[in-house]
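Take a look at the structure set out below.
Both backbone and side-chain heavy atoms feed into the values below; hydrogens, waters and symmetry mates do not. A quick note: this is a predicted structure, and the numbers were derived from the prediction, not measured. Counting convention: from 1, in listed order, for ligands and their atoms alike.
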Amino acid sequence: MSLSERKIVVGVGGGIAAFKAVELVRELQRRNAIVRVMMTEAGARFVGPVTLAGLTAHPVVTDLWDPQYPGEAHVELSAWAEAIVIAPATANILARASFGMADDVVLATLLCSDCPVLFAPAMHPRMWSRKATHENITRLKGNGATFVGPVRGPLASGEEGMGRMSEPAEIADALTTLVARSGDLKGRTILVTAGPTVEDLDPVRFIGNRSTGRMGFAVAARAAARGAKVVLVAGPVTLETPPRVTRVDVRSALEMATVVSEHVRKADAVVMTAAVADYRAARVATEKLKKGGERLSIDLVQNPDILAGLGAARENGKPVLVGFAVETQDVAAGARKKLVDKKVDLIFANHATDGFGGDENEAILVDAAGDQPLPRMTKLALSDVILDRVRDLLTSR
Ligand code: CTP
């Protein structure tokens, strides 16, 4: 994989893994990246700035007040960078970065930057296991940062455990993927649906389902971060709208169908993560239903299948259509049937016990070419895998 002529800033933190930053810089250069290095004061104690300056043929910045920068070092570096990788990212750097601190050149450059950022954490397993560390990571991920590692293995202390920095080649791979994804959906419009639909029975009761909307919000967040114009049609959920996403709130399947049909003409791709109710009440009572006899039957009528409607109506494969399938048995077979019946390009399928609620999911991607089982990943990482497929489908059409 190549990083041809991409401008990469490597930020070196203060941990013993800093020695691997030298190899990382070499690896990035082997992939034809143009590399500049910045270090924290602690980082410069672990590995010599002279070594890294020699490798990059450029001064290494360790100081916000560096006289070699006529302007401000952090402003210049952040404007120059097409991506930043922090390796090693110590617990201290993660903590400071997650709170937007800017008290050294590495932190100030991060806060000033607008480009993708990759953290390669390295620390003692006890520091890695702390709740505070994970809260900091969650905050950074929420701001769009990407992580590689750490991994389990022998540590400088002679112990074994989780906290070892990923190998330079692995960090370079993660960075290459990150750079390839940056801005790759620019100029595209993506319509995403998310959450449940709620079908009212009377003014206080409804039929709903357990969808939280997290998967759809993750897809919307990543699509927007990758440059797409995103319209997110959301059922009733309690999630914050991701940055740069236009959100339209709906309640019922019929409302969702109407809003989708209004926006679909402008969409290059539609990702239907919503758990649309298949049925609604034949009549919605205007007054609260009163308790009656031992049993109660509710008359339900079928809702339109929004995705199948889009599949039936589309011409020349536009827009690209992605469906989601939640199954409780034989996930791949159920997904394949939906792929064919709804005439879509791709189905993301998971087992009902995996998908709901949490931040992670395990799924299979099913398309005409076959099944791709995916390892357990965060919903944000899964969103990137789906969007890679969407991008490839868009460029092939
Ligand atoms: N879907 C839709 N409109 C509906 C029902 C589902 O657009 N009325 C979409 C969902 O957003 C999802 C896909 O179809 O992308 C599959 O949804 P799922 O509920 O798993 O499939 P159903 O067709 O409803 O099949 P079943 O519930 O019988 O498994």
Side-chain angles (χ1 to χ4, degrees), residues 190-200 206-220 223 230-237 248-264 267 269-282 300-314 319-357 361-368 371 374 379 382-383 385-387 389-390 393:
I190 301 192
L191 179 60
V192 182
T193 66
T197 67
V198 158
E199 308 300 327
D200 287 324
F206 58 82
I207 302 174
N209 62 64
R210 291 169 58 179
S211 168
T212 61
R214 281 184 199 221
M215 191 66 222
F217 276 61
V219 171
V230 180
V231 178
L232 173 62
V233 185
V237 293
V248 185
D249 284 321
V250 297
R251 187 166 171 83
S252 65
L254 286 180
E255 275 174 40
M256 185 172 277
T258 305
V259 174
V260 166
S261 70
E262 282 164 8
H263 286 90
V264 72
V270 182
V271 183
M272 283 284 306
T273 78
V276 185
D278 288 326
Y279 293 90
R280 68 178 183 277
L300 300 175
V301 292
Q302 204 171 54
N303 273 325
D305 189 314
I306 303 172
L307 186 60
L310 299 178
R314 77 174 164 165
V320 165
L321 294 178
V322 182
F324 276 57
V326 174
E327 308 284 347
T328 52
Q329 52 189 353
D330 207 348
V331 176
R336 188 151 295 287
K337 184 168 178 338
K338 283 171 191 170
L339 183 84
V340 175
D341 289 352
K342 304 196 188 206
K343 299 192 173 68
V344 300
D345 299 296
L346 187 64
I347 293 275
F348 174 101
N350 60 272
H351 196 276
T353 51
D354 289 329
F356 285 120
N361 201 351
E362 198 173 326
I364 309 177
L365 277 182
V366 176
D367 70 4
D371 302 351
L374 301 172
K379 289 182 178 175
L382 283 168
S383 301
V385 176
I386 295 165
L387 291 168
R389 294 283 200 101
V390 168
L393 283 161

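Distance screen at 4.0 Å: atom 3 (N) of ligand 1 has a protein heavy-atom neighbour inside the cut-off. At a distance under 4.0 Å, a protein heavy atom can be found next to atom 14 (O) of ligand 1.
For the atom pair CG of Asp367 and CG of Asp345, the computed distance is 8.5 Å after rounding to the nearest 0.5 Å. For the atom pair CG (Leu307) and CD1 (Ile347), the distance works out to 6.5 Å, reported to the nearest 0.5 Å. Between the CG atom in Leu310 and the CG atom in Leu191 there is a gap of 8.0 Å [rounded to 0.5 Å].
Each of the following atoms of ligand 1 lies closer than 4.0 Å to a heavy atom of Asp278: 5 (C), 8 (N), 24 (O), 27 (O). Close approach of ligand 1 to Lys342 (heavy-atom distance below 4.0 Å) involves ligand atoms 1 (N), 6 (C), 9 (C), 13 (C), 14 (O), 16 (C), 17 (O), 21 (O), 22 (P), 23 (O). Residue Pro304 approaches ligand 1 through these ligand atoms, each under 4.0 Å from one of its heavy atoms: 3 (N), 4 (C), 8 (N). Less than 4.0 angstrom separates some heavy atom of Gly323 from each of these atoms of ligand 1: 15 (O). For ligand 1, the atoms lying closer than 4.0 Å to a non-hydrogen atom of Ala274 are 10 (C), 11 (O). Each of the atoms 20 (O) of ligand 1 lies under 4.0 Å from some heavy atom of Ala325. The atoms of ligand 1 that sit less than 4.0 Å from any heavy atom of Val326 are 20 (O).
Looking only at distances, a side-chain donor or acceptor of Glu199 sits under 3.5 Å from a matching main-chain atom of Ala253. Counting only distance, with no hydrogens or angles, the side chain of Thr193 and the backbone of Val233 share no donor-acceptor pair below 3.5 Å.
Lys338 NZ, 2.9 Å is the protein heavy atom nearest to atom 29 (O) of ligand 1. Of the protein's non-hydrogen atoms, the one nearest atom 7 (O) of ligand 1 is Leu307 N, 2.8 Å. For atom 16 (C) of ligand 1, the closest heavy atom belonging to the protein is Phe324 O, 2.8 Å.
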_Let's go through Glu327 and Lys337 carefully: what are the C-alpha distance in whole Å and the side-chain angles of both, what is the deciding distance for salt bridge (Lys or Arg N to Asp or Glu O under 4.0 Å) to 0.1 Å, and is it a yes or a no?_
CA-CA 12 Å; Glu327 308 284 347; Lys337 184 168 178 338; over 6 Å; no

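Of the heavy atoms in Ile306, both backbone and side-chain atoms come closer than 4.0 Å to ligand 1.
Listed by chain and residue number, nothing satisfies the ring-ring contact (aromatic ring centres under 6.0 Å, His included) test with Phe217 (two or more places apart in sequence, or in another chain).
Note that Arg389 lies outside the cation-pi zone of Phe348, set by a 6.0 Å cut-off to the ring centre and a 45° limit from the axis.
Contact between Ala253 and ligand 1 is absent, with no heavy atom of the residue lying under 4.0 Å from the ligand.
Residue pairs meeting the salt bridge (charged side-chain N to carboxylate O under 4.0 Å, His left out) criterion with at least one partner in residues 252-263, sequence neighbours excluded, do not occur; the list is empty.
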